[in-house]
Amino acid sequence: MKTIAAIEAFADRYDLAIVGAGPAGLAAASLAVAHGVDVVVLDENASPGGQIYRAVTSTPMTRREILGEDYWRGVELVQEFSGSASSYAPSTTVWNVARGLDGDSLGRDFEIGVSLRGKARLLRAKEVILATGAQERPFPIPGWTLPGVMTAGAAQIALKSSGLVPDGHLVLAGTGPLLYLVAAQLIEAGASIRALLDTTPRANWMSALTATPGFLASPYLAKGLALLRMVHRRLDVVGGITALRAEGQKRLNRVAFERAGRRTELDCDLLLLHQGIVPSINLSNAIGCAHDWDDVQLAFRPQVDAWFASTVQGVAIAGDSAGIAGGESAAARGRIAALGAAFRLERIGAGQRDRDAAPLRAELALLARGRRFLDVFHRPAKAFRVPSDDATLVCRCEEVSAKTIRETVMLGACGPNQMKAFTRCGMGPCQGRLCGLTVTEMITDARAVSPAEVGYYRLRPPVKPVTLAEIAALPQTADAEKAVAR
Amino acid sequence: MSDVRLETDIAVIGGGLVGAAIAYGLAREGRAVRVLDEGDVALRASRANFALVWVQSKGLGMPEYAAWTRASAAAWPALAAALREDTGIDVGLSQPGGFTLALSEAEMQRRMEMTRLLHNQPDMVKYDYEILDHAQTSKRLPAIGRDVVGSIYCPLDGHVNSLRLFRCLHQAIKRYGVGYHPNCAVETITPIAQGFALEGSFGELRAGKLVLAAGLDNARLAPMVDLEAPVVPSKGQIIVTEKVAPFLTYPMHTLRQTDEGGVMIGDSQEDHGFDTAVTTAVISVMAQRAVRMFPLLAKLNVVRTWSALRVMSPDGFPIYAQSRIHPGAFLATCHSGVTLAANHALTLAPAIARGGLPRGTSSFTSERFHVPTLA
C-alpha cells in the first residue's frame, strides 16, 4: 500500500478509483491490484475500515469485548489491503465524479474531483467503484434538533475512534440491529443508560416470521439473540413505543414517549436515536445512475447488475451503498465488483472472472439468508418516518417544518425538486442527507402515490464541501474562459 | 386532474416564473385561469435564474427591450407590494443599483463601448449610469480585490429572492382560485369554435384563451396555433456558497449575496443543446473571477453548483405575440423571468385579459425574424 499524504502525490490517471475504504472498498482494492489493476482508494477518514470497522487499527478501545468480535474481523481486511500495491489516500474527500463529455479531452475517462488538506485536484480513472456505504435513516421527531440529541451511529463513531464514552444519563430510542449493538457497546464501555425505547412496530414480528420462515436457519439468528439477551439483561428495554418527543429549553432535558396510549417522561442528558441505515446515494445520484425504490428497506438504491455495475458504464457500486446487506456481504460484493472491473479493463478473461466469482456468490447467498427477516422486522413505523406533528423540522439546514412541506404539496409541488424550489428544503450543506427520504415519503403520503413515482432530489456536485479557492485553482480551458468572461 | 374534461376562461401552459406571473396578473383581473405544468423533473429555467432585476446592459440592438426592461424594474415595487398584500410574503426586493465589475483594462473598455453603443441608439430610453475606476468603486464596494480595474454602476438595478418569488406567485394564484395542475404536459392544442382544446395524458382542457409560457417547449407548442417560437437552450452554470454574514448589499451581474446569506456566482453561457451537466472548467473560471473580485470569498465552502437552460430567441430578446389566424392564442417567452415579472403580471396579463398585447410591444412579435435585413 502506498499512502498518499499530499495532493501533489497523486498520479494523473489510474485504471480504477475506489471511493471509500470500508469493507467493500478495501476488499475490491486488494483483489483488483492482485490482477494488475492500478488502483487508488480515496477515503475521507484518517484510517481504513469505513464505518463498521472504523479505526480498527488505531482505536484506543483495545479491550476486545467492548466493540465485539465482529468489529475485529476488520483487521484482516485492513492487513490484506496494507500488504497490497494499492495507492491509498486517507483524509481525502471526493466532491465530484463526472463522465467525460463526447468530444472533450477526457474521452471515456472519468474526472474525479478530490480535495486533500485544503487543496483540490482533478484525477482521471477508467473505472470507478463507489463503496460509500450507508448512512442512518433520518429520524424526524419533535425536538430532534435540540443539543443533546444525536444518532446512535454518531455515538458509536466517537466510541470507536476516540474512546469517548458519553457522560450523564443516556436514553436510546428506535429500532434496528445497530441500536442494540451500540447499546451493548456502551454498556460494556461503562455508560449510564436509563432505558432503551424500542419503536419496532409490534406487528413486525408476525410479518417478519411469515415472510421469512428461513430465518431460523440464518447465521444472524444466534448472533442477534445473544445481543438481544445481553441488552435485555442489563438494560430497561421498553417496547411498543408509538410516539417520541425530545424535550428541553436550550438543550435536551427529557424524552417523552407513548406506549399503549400512555405518555411517560424520562429525564436524560443524551438521547441517541436510530432507526436503521440506508444506502448512501449522493454520489451515485450526482453521477446520474438510475435508482429504484426498495419497498422493504424503505429507501432508494442504485440499479446494479450481477457485477454490481450501475446504469452508468464504468461505474460500479459495491457494499451497502448498493442496498443494505451488512459488512460481511460488503466485502464479497466489493470483490465481485473488482472482478467485473478487472474484466472490463482486460486484466482477466470472462472464464476466470466467472470462476472466481462463484464462491463469492455462494458466500453472498449464505449471508442473504435471514437478511429479509431483519429488513421486515426492523421496518420503521410510518409515524417515525412521516412526522405528523406540524412543528417538527424536516430540513434542519434550512429549517423547513413538516407543516411547510405539507402545505407546499397542496400548493402543487409534486416532487422533491419542486419542493426544493418552493421551500429551500435540501439546499443546505448536508445536501439533503438528513431530509431527502422524509421529503419523498411525506410527498408520497400526501399525494397517495408511490415513492418511485415521487422520486428523489437530483443532486449536483460538490457532494462534499470544497472551498471556492480550491475550485478556482483547478485547470481551466479557453472555451470555459469564453463561456464566462464575455 | 385525470381523464376529465375541464373548461376555463384562460389556460396558461407553463408554471415557471413567466407562466405564474401571467396567471397572477390574469387572476387579478378576475379571469378564471388554469395553469398546466410539467412534473418534478423538467427543464425549468426558473430553478436556476440569477434573481436579478437588471436594467443596465440590456437592449443593445433593440431599444424597445431596454424601455420594456426599465419599465418592469420601475413596476417591481408595485408587484412586490401586491404580492405581500395577497400572501404576506416579502420577496426581498432590493434595488440599490448594481455594478458590472471589470477585471482587466480590456474588459473595462469592452463594457464601456457596449454601454456607449447601447445608449447611443436612436429611441433609446434615457437613464443614468456611472463609469467608475478602482478607487471610486472601492468607496462603494470596500470588499473588492486589487484586480478590479473599474466598474459600471446603474442605480436602477436590483435583485429579489427568486425562490421566494416563485413560491409567493404560486401561493398568490392559489388564493385567487387559479387551478394549478402539475404533471399535465400538453401534447396537442386544437383550435376549436370557442377557443382551444388542450390534450395530454391528463385528459382535455377547453379554454377560451391560451397563453404559451412553456419556456423551451414553446418551440413545439407555438406552431399548433400558428405562432412561432424559435427558441433554443443556452446553458448557464451557477455556484452557491455557504451562508455568511452580509458583506454585499449591491448585486453584480455575475455575483450577488442573497438575503439569506449565501453568495451566488453565475452567468456563464454555452450552447450545448439540452445538456445540463455541470463542468468543472467553467465552474473554476467562475470561482476564480469571483475570488479576484472579492478575495474574502476564497475560504467559503461551495454548497451547490447548478446548471440550467435559458430560453434564448435568435436575437436574445423576448417574444410576445398573438396568433393572427387563431386570435386568443398568446405567446410569451424570455430569459429574464425575474426582471420582467412585474411587466408580465401588471402590464402583459391585463392586456391579454382584454384580448390584445400591451402598447409598445409590437416589435416583440416573431415576425421580426423574417424581416429582410436592409443593406
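Chain identifiers are assigned alphabetically (A, B, ...) following the order of the sequence lines, protein sequences preceding nucleic acid strands; residue numbering begins at 1 within each chain.
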When you check the gap from the basic side-chain N to the acidic O, do A:E470 and B:K299 get nearer than 4.0 Å?
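No salt bridge links A:E470 with B:K299.
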A:K482 with B:E270: basic N within carboxylate O range, under 4.0 Å:
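No.
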Kindly determine whether A:V466 and B:N301 satisfy side chain to side chain contact (heavy atoms under 4.5 Å, CB included), including the steps that lead there.
CA-CA 5 Å; A:V466 56; B:N301 273 321; 5.6 Å; no
Counting C-beta onward and ignoring hydrogens, is there a side-chain heavy-atom pair between B:L300 and A:T467 closer than 4.5 Å?
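The answer is no, as the side chains (C-beta and beyond) never meet within the 4.5 Å cut-off.
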Measure the shortest side-chain to side-chain distance between B:L163 and A:R424 over non-hydrogen atoms and say whether it is less than 4.5 angstrom.
yes
Of the backbone (N, CA, C, O) and the side chain (C-beta and beyond), which part of [X] lies under 4.5 Å from a heavy atom of chain B, both, or neither?
X: A:L459; value: neither
X: A:V463; value: neither
X: A:P461; value: both
X: A:D479; value: neither

Can you tell me which of [options] forms the most heavy-atom pairs within a distance under 4.5 Å of chain B?
options: A:P465, A:P475, A:P462, A:G428; answer: A:P462
options: A:K464, A:E398, A:K420, A:E407; answer: A:E398
options: A:T477, A:V454, A:L474, A:N96; answer: A:L474
options: A:G118, A:C430, A:G412; answer: A:G412

Do side-chain atoms of B:R304 reach the backbone of A:M427 as a donor and acceptor pair under 3.5 angstrom?
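Yes: the side chain of B:R304 pairs with the backbone of A:M427.
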B:D40 side-chain N/O to A:Q418 backbone N/O, donor-acceptor pair under 3.5 Å:
yes
Minimum heavy-atom distance between [X] and [Y], given as atom pair plus value:
X: B:V285; Y: A:A480; result: CG2-CB, 3.8 Å
X: A:L468; Y: B:I265; result: CD2-CD1, 3.6 Å
X: A:R447; Y: B:N183; result: NH2-ND2, 3.5 Å
X: B:S284; Y: A:I471; result: OG-O, 2.8 Å
X: A:T423; Y: B:R167; result: CG2-NH1, 3.5 Å
X: A:L411; Y: B:Y180; result: O-CD2, 3.6 Å

Portion of [X] that has a non-hydrogen atom of chain A nearer than 4.5 angstrom:
X: B:V278; answer: both
X: B:D37; answer: side chain
X: B:S307; answer: both
X: B:E260; answer: side chain
X: B:T276; answer: both
X: B:Q171; answer: both
X: B:T241; answer: side chain
X: B:R44; answer: side chain
X: B:V263; answer: neither
X: B:L297; answer: both
X: B:I173; answer: neither

Reported CZ-to-CD distance for the pair B:R289 and A:Q476, which is rounded to 0.5 angstrom:
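The distance works out to 10.5 Å.
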Nearest-0.5 Å distance, CD of residue B:E242 to SG of residue A:C397:
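These two atoms lie 12.0 Å from each other.
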Neighbour count above 12 (heavy atom, 6.0 Å) for B:E113 CD
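Check passes, neighbour count above 12.
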